Amino acid sequence: QVQFVESGGGLVQPGGSLKLSCAASASIFSFFAMGWYRQAPGKQRESVATITTAGTTNYADSVKGRFTISRDNAKNMVYLQMNSLKPEDTAVYYCNRGIRPYDYWGQGTQVTVSS
């Protein structure tokens, strides 16, 4: 079973950038597609971006052209580069497998976009 620890969130002004990192507890995560998810207050968790073991990526329409997901299997890491941030991006961001079944959800990292 793989566990994840997210980091890199914070408070940023609209139009700013953040890079989130996700550290996995086991190297076997390299066998799985990975994804970033987010949950805003009062809303369900939604998929933001996924990346397959081969590096194929997929993004939610709301973040296309602004966010980039990447992975480093040797380091058991997955990243989310977020540019041109909007207040609507405010949420707790989580990483997990990109397809079901998911591993346990971590605590996530808070991203707040506000002036």
Side-chain angles (χ1 to χ4, degrees):
Q1 179 176 283
V2 180
Q3 297 179 4
F4 307 103
V5 179
E6 301 92 345
S7 63
L11 175 63
V12 64
Q13 294 186 343
S17 297
L18 283 173
K19 187 174 183 178
L20 307 184
S21 297
C22 173
S25 63
S27 61
I28 58 173
F29 111 112
S30 63
F31 290 107
F32 307 128
M34 292 295 298
W36 282 96
Y37 307 83
R38 68 186 182 187
Q39 186 168 24
K43 296 184 178 294
Q44 288 195 310
R45 182 159 47 218
E46 64 176 340
S47 176
V48 176
T50 58
I51 183 168
T52 70
T53 56
T56 301
T57 58
N58 187 58
Y59 299 93
D61 288 342
S62 59
V63 307
K64 284 181 179 177
R66 301 188 297 120
F67 291 10
T68 302
I69 187 172
S70 61
R71 66 192 297 165
D72 186 336
N73 291 341
K75 296 182 178 180
N76 298 335
M77 298 287 288
V78 60
Y79 308 96
L80 185 69
Q81 177 66 51
M82 306 185 295
N83 299 322
S84 302
L85 283 162
K86 305 175 180 179
E88 306 89 82
D89 296 318
T90 296
V92 178
Y93 284 71
Y94 304 87
C95 64
N96 211 309
R97 294 176 62 174
I99 58 173
R100 296 182 182 273
Y102 299 128
D103 284 288
Y104 288 143
W105 296 95
Q107 292 298 109
T109 185
Q110 176 72 49
V111 172
T112 302
V113 185
S114 176
S115 60

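What you see is a predicted model, and the numbers here were worked out from it, not measured in a lab.
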Enquirer: Under a single-linkage definition using a 4.5 Å side-chain heavy-atom cutoff for Ile, Leu, Val, Met, Phe, Trp and Tyr, are L18 and Y94 assigned to the same hydrophobic cluster?
Expert: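 Cluster IDs for L18 and Y94 differ.
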Enquirer: Report yes or no: do F4 and V111 belong to one cluster of Ile/Leu/Val/Met/Phe/Trp/Tyr joined by side chain heavy-atom distances under 4.5 Å?
Expert: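 Same hydrophobic cluster.
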Enquirer: Please step through side-chain contact (heavy atoms from CB on, under 4.5 Å) for the pair S21 and M77, ending with a clear verdict.
Expert: CA-CA 7 Å; S21 297; M77 298 287 288; 3.8 Å; yes
Enquirer: Can you confirm whether or not the ring centre of Y37 sits under 6.0 Å from the ring centre of Y102?
Expert: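 Between Y37 and Y102, the centre distance is under 6.0 Å.
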Enquirer: With no hydrogens and no angle check, is any side-chain donor or acceptor of E6 less than 3.5 Å from a backbone partner on C95?
Expert: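 It does hold such a pair.
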Enquirer: Which pairs of donor and acceptor atoms, one on a side chain in residues 56-66, lie under 3.5 Å apart (sequence neighbours left out)?
Expert:
residue: Y59; atom: OH; partner: I69; partner atom: N; Å: 3.0
residue: D61; atom: OD1; partner: K64; partner atom: NZ; Å: 3.0
residue: S62; atom: OG; partner: R38; partner atom: NH2; Å: 3.4
residue: R66; atom: NH1; partner: S84; partner atom: O; Å: 3.0
residue: R66; atom: NH1; partner: D89; partner atom: OD2; Å: 2.8
residue: R66; atom: NH2; partner: S62; partner atom: O; Å: 2.8
residue: R66; atom: NH2; partner: D89; partner atom: OD1; Å: 3.0
residue: R66; atom: NH2; partner: D89; partner atom: OD2; Å: 3.4

Enquirer: Quick one: do V5 and Q3 satisfy side-chain contact (heavy atoms from CB on, under 4.5 Å)? Show the steps, please.
Expert: CA-CA 7 Å; V5 179; Q3 297 179 4; over 6 Å; no
Enquirer: Nearest 0.5 angstrom please: F31 CZ to N73 CG, how far?
Expert: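 Taking CZ in F31 and CG in N73, the distance rounds to 9.5 Å.
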Enquirer: Just how far is it from atom CE of M82 to atom OG1 of T68, taken to the nearest 0.5 Å?
Expert: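 Answer rounded to 0.5 Å: 11.0 Å.
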Enquirer: For a quick test of reading the model, state the closest non-hydrogen atom pair linking S114 to P14 and the distance between them.
Expert: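 That closest heavy-atom pairing would be C-CD, 3.7 Å.
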Enquirer: So if I apply the side-chain contact (heavy atoms from CB on, under 4.5 Å) rule between M34 and each of V78, N96, T50, I99, which one comes out positive?
Expert: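 Among V78, N96, T50, I99, the one that satisfies the side-chain contact (heavy atoms from CB on, under 4.5 Å) with M34 is V78.
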Enquirer: Under the 3.5 angstrom rule, does the side chain of T112 hit a backbone N or O of T90 as a donor-acceptor pair?
Expert: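 No, the answer is negative, given that no donor and acceptor are paired below the 3.5 Å cut-off.
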Enquirer: In terms of hydrophobic clusters joined by side-chain contacts under 4.5 Å, are I51 and Y79 together?
Expert: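 Result: no, two separate clusters.
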Enquirer: When you look at CD of Q107, are more than 12 heavy atoms from neighbouring residues, nucleotides or ligands closer to it than 6.0 Å?
Expert: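 Check fails, neighbour count at 12 or below.
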Enquirer: Kindly say whether S17 contributes a backbone atom to a donor-acceptor pair with the side chain of N83 at under 3.5 angstrom?
Expert: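 Absent.
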Enquirer: For Y93, give me all partners under ring pair (Phe, Tyr, Trp, His ring centres under 6.0 Å), at least two apart in sequence or on another chain.
Expert: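 Ring pair (Phe, Tyr, Trp, His ring centres under 6.0 Å) check on Y93 returns nothing, list empty.
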